[in-house]
Asker: 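This is the structure, below, for whatever I ask next.
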Amino acid sequence: MSSSHLPPLSSDYVFSVSSSSLIDASRDKVWSILMDFPAYGEWNAFVRSMTLTTPSKEPLPDQTPAEGKHLYMKVNMPPTMEEPGWFGANSAFTIISAMDPENYRVAWKFAGLPSFLLHTERWQALSVDEATGKTKYETIEVFGGIMAYIVKFFSREKLVAGFQAVADALKSRAEQT
């Protein structure tokens, strides 16, 4: 595991997907929503559930995110709050690679295949937009390895829509509550 905690450069990978949103709520409020993994099903049409697990995918009793914990996600592509249909339900198994609450940053890496086949890293960060004083949510995921070309061909546009759906839903939830 790298100790730098700096996001990867997208130019070092096959492709990347990113999104952002300006949110009229404090960083602390947005961070608490982002870190409340059990509540994702209430607001997130893309990532329908996030569960901290053992390496064998057994749910942990403590769902507090921490670096080194495994994370099992159920993802709808395209994003929907409804049942996604036969080909819309997907999952991902990751490891939290960075947890930096002081700087409002979290990252995880794909844990399902050897990295030469597929490796991904997703970062999410919150900052204060200097022009507006609002919270700026930013996320990027980079995709590398041989299978990244397949993911890019078949899923890139769905991932772009999903990332934007997360940014929009996070904004809506933070500004409503």
Side-chain angles (χ1 to χ4, degrees), residues 7 16-21 23 25 27-101 104-113 117-126 135 137-143 147-148 150-151 154-177:
S16 66
V17 177
S18 63
S19 187
S20 66
S21 182
I23 303 171
R27 282 194 301 172
D28 287 332
K29 183 177 185 179
V30 178
W31 182 255
S32 70
I33 294 167
L34 206 53
M35 294 296 99
D36 186 4
F37 293 168
Y40 268 47
E42 297 172 13
W43 64 272
N44 193 326
F46 180 56
V47 182
R48 296 300 295 137
S49 73
M50 302 228 322
T51 307
L52 295 168
T53 70
T54 65
S56 60
K57 300 182 185 173
E58 295 296 321
L60 294 173
D62 179 7
Q63 289 292 304
T64 305
E67 193 167 324
K69 286 189 177 181
H70 289 81
L71 183 58
Y72 181 72
M73 293 177 253
K74 293 183 181 175
V75 179
N76 286 352
M77 292 196 305
T80 178
M81 295 299 279
E82 307 300 322
E83 288 301 315
W86 284 57
F87 300 107
N90 296 277
S91 64
F93 189 57
T94 64
I95 296 174
I96 298 175
S97 56
M99 176 60 79
D100 185 3
Y104 302 90
R105 299 187 323 164
V106 63
W108 47 79
K109 294 181 179 182
F110 184 66
L113 295 170
L117 290 175
L118 182 66
H119 56 276
T120 71
E121 186 171 1
R122 179 166 184 186
W123 279 81
Q124 297 184 90
L126 304 176
T135 296
Y137 166 74
E138 297 174 280
T139 185
I140 184 171
E141 187 161 359
V142 293
F143 296 79
M147 293 179 65
I150 297 167
V151 173
F154 287 105
S155 300
R156 185 181 187 291
E157 293 308 314
K158 292 177 186 174
L159 289 165
V160 168
F163 276 45
Q164 191 58 54
V166 171
D168 294 344
L170 181 61
K171 175 182 175 65
S172 177
R173 183 153 176 108
E175 291 178 353
Q176 283 178 355
T177 56

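Excluded from the calculations below are hydrogen atoms, water molecules and symmetry mates; all remaining heavy atoms, backbone and side chain alike, are included.
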Asker: Does H70 reach the side chain of I95, with side-chain heavy atoms less than 4.5 Å apart?
Answerer: yes
Asker: Using a 4.5 Å cut-off on heavy atoms from C-beta on, say whether the side chain of F37 contacts that of T51.
Answerer: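 Not in contact.
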Asker: Of the non-hydrogen atoms in N76 and P84, which two are nearest, and what is the gap between them?
Answerer: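 Looking at all heavy atoms of both residues, the closest pair is OD1-CG, 3.3 Å.
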Asker: Taking C-beta and beyond as the side chain, do W108 and M73 meet within less than 4.5 Å on heavy atoms?
Answerer: yes
Asker: Would a distance-only check, ignoring hydrogens and angles, find a side-chain to backbone donor-acceptor pair under 3.5 Å from R105 to P101?
Answerer: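 No, R105 side chain to P101 backbone: no donor-acceptor pair under 3.5 Å.
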Asker: Is the closest side-chain donor-acceptor distance between T54 and S56 under 3.5 Å?
Answerer: yes
Asker: Just so I know, are the side chains of L34 and Q124 near enough to count as touching, which here means a heavy-atom distance under 4.5 Å?
Answerer: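 Yes, close enough: below the 4.5 Å cut-off.
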Asker: For a 4.5 angstrom cut-off between non-hydrogen side-chain atoms, does Y104 reach T135?
Answerer: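 Sidechains of T135 and Y104: no contact.
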Asker: Is the shortest heavy-atom distance from the side chain of K69 to the side chain of D62 under 4.5 Å?
Answerer: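 Yes, at least one pair of side-chain atoms sits under 4.5 Å.
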Asker: If you round to the nearest 0.5 Å, how far is CG of L117 from CZ of F110?
Answerer: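 Those atoms lie 9.5 Å apart.
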Asker: Treating E138 as the side-chain partner and A125 as the backbone partner, does any N or O pair qualify as donor plus acceptor under 3.5 Å?
Answerer: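 Side chain of E138 to backbone of A125, a donor-acceptor pair under 3.5 Å: no, none is there.
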Asker: For F163, is the NZ or CZ atom of R122 found under 6.0 angstrom from the centre of its six-membered ring and inside 45 degrees of the ring axis?
Answerer: yes
Asker: Is the shortest heavy-atom distance from the side chain of W123 to the side chain of V142 under 4.5 Å?
Answerer: no
Asker: Could you report the tightest heavy-atom contact between V30 and A25, atom names first, then the distance?
Answerer: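 Looking at all heavy atoms of both residues, the shortest contact is CG2-CB, 4.1 Å.
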Asker: To the nearest 0.5 angstrom, please state how far the CG atom of N90 sits from the CZ atom of R48.
Answerer: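 The distance works out to 13.5 Å.
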Asker: Could you walk me through whether M99 and V106 pass the side chain to side chain contact (heavy atoms under 4.5 Å, CB included) check?
Answerer: CA-CA 5 Å; M99 176 60 79; V106 63; 3.8 Å; yes
Asker: To check you understand the geometry: which heavy-atom pair defines the closest contact between T53 and L71, and what is its length?
Answerer: OG1-N, 4.5 Å
Asker: Mark yes or no for whether Y72, through its side chain, and T94, through its backbone, hold a donor-acceptor pair below 3.5 Å.
Answerer: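 Not confirmed, Y72 side chain does not pair with T94 backbone.
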Asker: Considering only heavy atoms from C-beta outward, does the side chain of T120 approach that of V151 to under 4.5 Å?
Answerer: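 They are not in contact (no side-chain heavy atoms under 4.5 Å apart), so the answer is no.
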Asker: Which heavy atom in R156 sits nearest to a heavy atom in S16, and how many Å separate them?
Answerer: NH2-O, 3.8 Å
Asker: Where is the tightest heavy-atom contact between S19 and A167, given as atom of each residue plus distance?
Answerer: OG-CB, 3.6 Å
Asker: Starting at CD of E67, measure out to CD1 of I96 and round the result to the nearest 0.5 Å.
Answerer: 9.0 Å
Asker: Rounded to the nearest 0.5 Å, how far apart are CD1 of I23 and CD1 of I33?
Answerer: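 It is 8.0 Å, given to the nearest 0.5 Å.
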Asker: Could you grab the distance from atom OG1 of T139 to atom CD of Q164, nearest 0.5 Å is fine?
Answerer: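 Between T139 OG1 and Q164 CD, I get 11.0 Å after rounding to 0.5 Å.
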Asker: Quick check: closest heavy atoms across M81 and E42, and the distance to 0.1 Å?
Answerer: CE-O, 3.7 Å
Asker: Measuring from atom CZ of R27 to atom OH of Y137, what distance do you get when rounded to the nearest 0.5 angstrom?
Answerer: 15.5 Å
Asker: Could you tell me whether a side-chain N or O of K57 sits under 3.5 Å from a main-chain N or O of F93, the two making a donor and an acceptor?
Answerer: no
